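Reviewing the structure listed below.
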Amino acid sequence: MKTLMKKSLKQLFVLSLGTVVAMVPISGIAGEDIDRAVEMPADGLVQVENLAGSIEFSTWDKAEVQIRGDAGDDVEEVEITTTSNSVQIRVRNRKDSRNVDGTDLYLRIPETASIEADSVSADISVSGSQGENILLNTVSGDIEVDASPAELEVHSVSGDVEYEGSVNRSSVETVSGEIVLIGPTGEVSVSTVSGDASLEAGEVSRGKFESVSGDLTLTLSVADDGRLSCDSMSGDVKLRLPASQKAEFTAQSYSGSLNSEFGESIRVSRGPGVMLQHREGDNGTQIRLETFSGDISIRTK
């Protein structure tokens, strides 16, 4: 029994030591080229933090992450940390530095890996990924994604967002950045303050689109029992649907115009504005559009 216990404790110690060693950071030297390759499960997670410069993801068929780039002169270190199922890259700048030199990172990752990236002014691009999740955050950097993950989540303040691919659950938010999405299906959520948003989608089961002064231009179809809502303060809402679209339509503009090829709009009898209430078929689908001073247009494709 004692021999068995000693053997088990020894195995546990070796396993623990292996985990600790795997988590020891590998630091890059500021101002020098970065060139590392670390192993990772094909469905693992790649996390990147880089304030300025660029972050570029591309994919390959290897179960490892290749990290290349140029560290800025004000970078204290480029820290690369690995665990059993993830690789984390952090660009750490000197605390006393007034300027932040951009660091350009080029990563090749497994095709089915998930991605998380955070930046302030760094541009972020993703190409070819088919992982479980893509989560991107930036303040002023632009984001460009050509990928087909299971789920996409993007947050930006003033940076523009462009996406093309196939995704069944997507959420994109900006303040003043423009949004262009091509190919999403399923659940789609878009929110912007003053940036315009354009969407060319397939069939949407749940769609939620919000804007303050930016225009919403949407081309899609809504699934049976689906829900689509569009809300804007002063931006225009332009919706294009298949001519065969069945739904219960509700739309209202308080000081803008309302034109629809699905039913006819009427003047509100009491108070300002025009509204539309129309049912096409009986499949449980509901489509609701509302704006205060913007125009509403509902057309067929």
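Values in this document were obtained by computation on a predicted structure and should not be read as measured data.
- Between Glu187 and Arg206 there is no salt bridge, since no side-chain N of the basic residue sits under 4.0 Å from a carboxylate O of the acidic one.
- Residues Asn85 and Leu45 are not in side-chain contact: their nearest non-hydrogen atoms beyond the backbone lie 4.5 Å or more apart.
- The shortest distance between side-chain heavy atoms of Val157 and Thr174 does not fall below 4.5 Å.
- Checking Asn50 against Ser119 by side-chain atom types alone, no donor-acceptor pair falls below 3.5 Å.
- Shown here for Ala201 and Pro184, the closest heavy-atom pair between the two residues is CB-O, 3.1 Å.
- Judged purely by atom type and a 3.5 angstrom limit, Thr59 has no side-chain atom pairing as donor or acceptor with the backbone of Glu111.
- Smallest separation of non-hydrogen atoms from Gly72 and Thr103: N-OG1, 3.0 Å.
- Remark: Phe209 pairs with no residue by the ring pair (Phe, Tyr, Trp, His ring centres under 6.0 Å) rule, at least two apart or across chains.
- A side chain to side chain contact (heavy atoms under 4.5 Å, CB included) with Thr285 is found for one member of Arg227, Gln245, Glu280 and no other, namely Gln245.
- For the residue pair Thr185/Asn168, the side-chain donor-acceptor check at 3.5 Å is satisfied.
- Tested against Tyr163, the residues Leu152, Val180, Val154, Ile134 include a single side chain to side chain contact (heavy atoms under 4.5 Å, CB included) partner, Leu152.
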**OP:** List the steps, then state whether salt bridge (charged side-chain N to carboxylate O under 4.0 Å, His left out) holds for Arg279 with Glu248.
**Re:** CA-CA 4 Å; Arg279 174 173 288 181; Glu248 181 179 345; 3.1 Å; yes
For residues 294-301, tabulate all N or O donor-acceptor pairs below 3.5 Å that involve a side-chain atom, not counting sequence neighbours.
residue: Asp295; atom: OD1; partner: Ser257; partner atom: N; Å: 2.9
residue: Asp295; atom: OD1; partner: Ser257; partner atom: OG; Å: 3.1
residue: Ser297; atom: OG; partner: Arg299; partner atom: NE; Å: 3.4
residue: Thr300; atom: OG1; partner: Glu261; partner atom: OE1; Å: 2.9

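- With 3.5 Å as the limit, one finds a donor-acceptor pair spanning the side chains of Gln47 and Glu116.
- Although no hydrogens or angles enter the test, the distance criterion places a donor-acceptor pair under 3.5 Å between the side chain of Ser114 and the main chain of Asn133.
- Heavy-atom minimum distance, Val161 versus Ser156: CG2-CB, 4.2 Å.
- Annotation for Ile124 and Asn137: closest pair CD1-O, 4.0 Å, computed over non-hydrogen atoms.
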**OP:** Determine, step by step, whether Asp231 and Lys208 satisfy the salt bridge (charged side-chain N to carboxylate O under 4.0 Å, His left out) criterion, reporting the C-alpha distance in whole Å, the side-chain angles of both residues, the deciding distance to 0.1 Å, and the verdict.
**Re:** CA-CA 8 Å; Asp231 293 277; Lys208 185 177 182 180; over 6 Å; no
Original post:
What do the steps show when you test Ser54 against Asp104 for side-chain hydrogen bond (donor to acceptor under 3.5 Å, both in side chains), and what is the final call?
Top reply: CA-CA 5 Å; Ser54 64; Asp104 297 317; 2.8 Å; yes
